[in-house]
*Asks:* 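My questions will all concern the structure given below.
What you are looking at is a predicted structure, and each value in this text was computed from that prediction instead of being measured.
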Amino acid sequence: MDKIFLDELKVETIIGIWEWERKIRQTVVIDLEMSADIARAAATDDVADTLNYNLVAKRIQSFVGASSYQLDEPLPERIAAIIRDEFDVAWCRVKVHKPGAIRGSKDVGVEIERGEMPG
């Protein structure tokens with residue numbers, strides 16, 4: 001199976017349960033892996049024949065930037081649904097990092113996989 005990935009996509013959003021978190025925008029960092037058959041694009045060298053990661057990035061940035069969640073868990077679920085539904089992706093892995101959320105820890109977050117990996 002081929003994959004297209006996007007690492008460390010940074011987006012400011014409102015996320016968190018504490019009152020101070022509801023008043024500020026925090027940076028979340030998103031890593032994506034998406035199943036894609038890249039054979040045709042490799043043969044044609046045409047962006048129309050591949051999963052356009054630029055369009056995926058813009059859509060996810062727009063969605064996350066406008067979102068407001070208390071917990072981290074809903075965000076990767078919604079991102080995965082967008083990728084699968086709007087970009088016709090069978091399988092994806094979404095990792096959302098919230099760096100600096102825990103004192104003494106470099107990073108915390110949630111990672112999910114959704115869909116079936118093409119064989």
*Asks:* Kindly write out the residues that satisfy side chain to side chain donor-acceptor pair (under 3.5 Å) with Asn52, not counting sequence neighbours, or none if the list is empty.
*Replies:* none
*Asks:* Heavy-atom count check: over 12 atoms from other residues, nucleotides or ligands less than 6.0 Å from Tyr69 OH?
*Replies:* yes
*Asks:* Can you tell me how far NZ of Lys95 sits from CG of Asp7, rounded to the nearest 0.5 angstrom?
*Replies:* 9.0 Å
*Asks:* Mind checking side-chain contact (heavy atoms from CB on, under 4.5 Å) for Asp45 and listing every partner two or more places apart, or none if nothing turns up?
*Replies:* none
*Asks:* Distance check, rounded to the nearest 0.5 Å: Thr27 atom OG1 versus Glu12 atom CD?
*Replies:* 4.5 Å
*Asks:* Please say whether more than 12 non-hydrogen atoms of neighbouring residues, nucleotides or ligands are located less than 6.0 Å from CG in Asp88.
*Replies:* no
*Asks:* Indicate yes or no: at least one non-hydrogen side-chain atom of Ile79 is less than 4.5 angstrom from one of Ile30.
*Replies:* yes
*Asks:* Hydrophobic clusters join Ile, Leu, Val, Met, Phe, Trp and Tyr when side-chain heavy atoms are under 4.5 Å apart, directly or via other members; which others share one with Ile17?
*Replies:* Trp18, Trp20, Ile24, Leu71
*Asks:* State, to 0.1 Å, how close Val110 and Pro76 come at their nearest heavy-atom pair, and which atoms those are.
*Replies:* CG1-CG, 3.9 Å
*Asks:* Are the side chain of Gln26 and the backbone N or O of Ile14 linked by a donor-acceptor pair below 3.5 Å?
*Replies:* no
*Asks:* Rounded to the nearest 0.5 Å, what separation is found between the CD1 atom of Ile4 and the SG atom of Cys92?
*Replies:* 13.0 Å
*Asks:* Name all residues meeting the side chain to side chain donor-acceptor pair (under 3.5 Å) criterion together with Glu19; count only those two or more places apart in sequence or in a different chain, and write none if there are none.
*Replies:* Lys23
*Asks:* With sequence neighbours excluded, tell me which residues meet salt bridge (Lys or Arg N to Asp or Glu O under 4.0 Å) with Glu77.
*Replies:* Arg114
*Asks:* Start with the C-alpha distance between Val29 and Val96, add both sets of side-chain angles, then the distance that settles side-chain contact (heavy atoms from CB on, under 4.5 Å), and finish with yes or no.
*Replies:* CA-CA 6 Å; Val29 181; Val96 175; over 6 Å; no
*Asks:* Test of understanding: with side chain to side chain donor-acceptor pair (under 3.5 Å), list the residues that count as partners of Ser68, not counting sequence neighbours.
*Replies:* Arg22
*Asks:* Flag the pair Leu51 / Met34 as yes when at least one side-chain heavy-atom distance between them is below 4.5 Å, and no otherwise.
*Replies:* yes
*Asks:* For residues Met1 and Trp91, determine if any side-chain heavy atom of one lies less than 4.5 Å from a side-chain heavy atom of the other.
*Replies:* yes
*Asks:* Mind checking salt bridge (Lys or Arg N to Asp or Glu O under 4.0 Å) for Lys106 and listing every partner two or more places apart, or none if nothing turns up?
*Replies:* none
*Asks:* Quick one: salt bridge (Lys or Arg N to Asp or Glu O under 4.0 Å) pairs with a partner in residues 24-37, sequence neighbours left out?
*Replies:* Lys3-Glu33, Glu33-Arg93
*Asks:* Do Ser35 and Met117 come close enough that some side-chain heavy atom pair is under 4.5 Å?
*Replies:* no
*Asks:* Does Glu21 have any salt bridge (Lys or Arg N to Asp or Glu O under 4.0 Å) partners at least two apart in sequence or in another chain, and if so, which?
*Replies:* Lys98
*Asks:* Kindly list each side-chain donor-acceptor pair under 3.5 angstrom involving residues 55-64, sequence neighbours excluded, with atom names and distances?
*Replies:*
unit_1, atom_1, unit_2, atom_2, d
Arg59, NE, Glu86, OE1, 2.7
Arg59, NE, Glu86, OE2, 3.4
Arg59, NH2, Glu86, OE2, 2.9

*Asks:* Quick check: closest heavy atoms across Asp2 and Ala36, and the distance to 0.1 Å?
*Replies:* CB-O, 2.7 Å
*Asks:* Who clusters with Phe5? Use side-chain heavy atoms, under 4.5 angstrom, across I, L, V, M, F, W and Y, and order the result by chain and number.
*Replies:* none
*Asks:* Restricting to non-hydrogen atoms, name the atom on Val108 and the atom on Ala101 that form the minimum distance, rounded to 0.1 Å.
*Replies:* CG2-CB, 3.6 Å
*Asks:* Which residues pass the side chain to side chain donor-acceptor pair (under 3.5 Å) test with Ser67, sequence neighbours left out?
*Replies:* Thr13
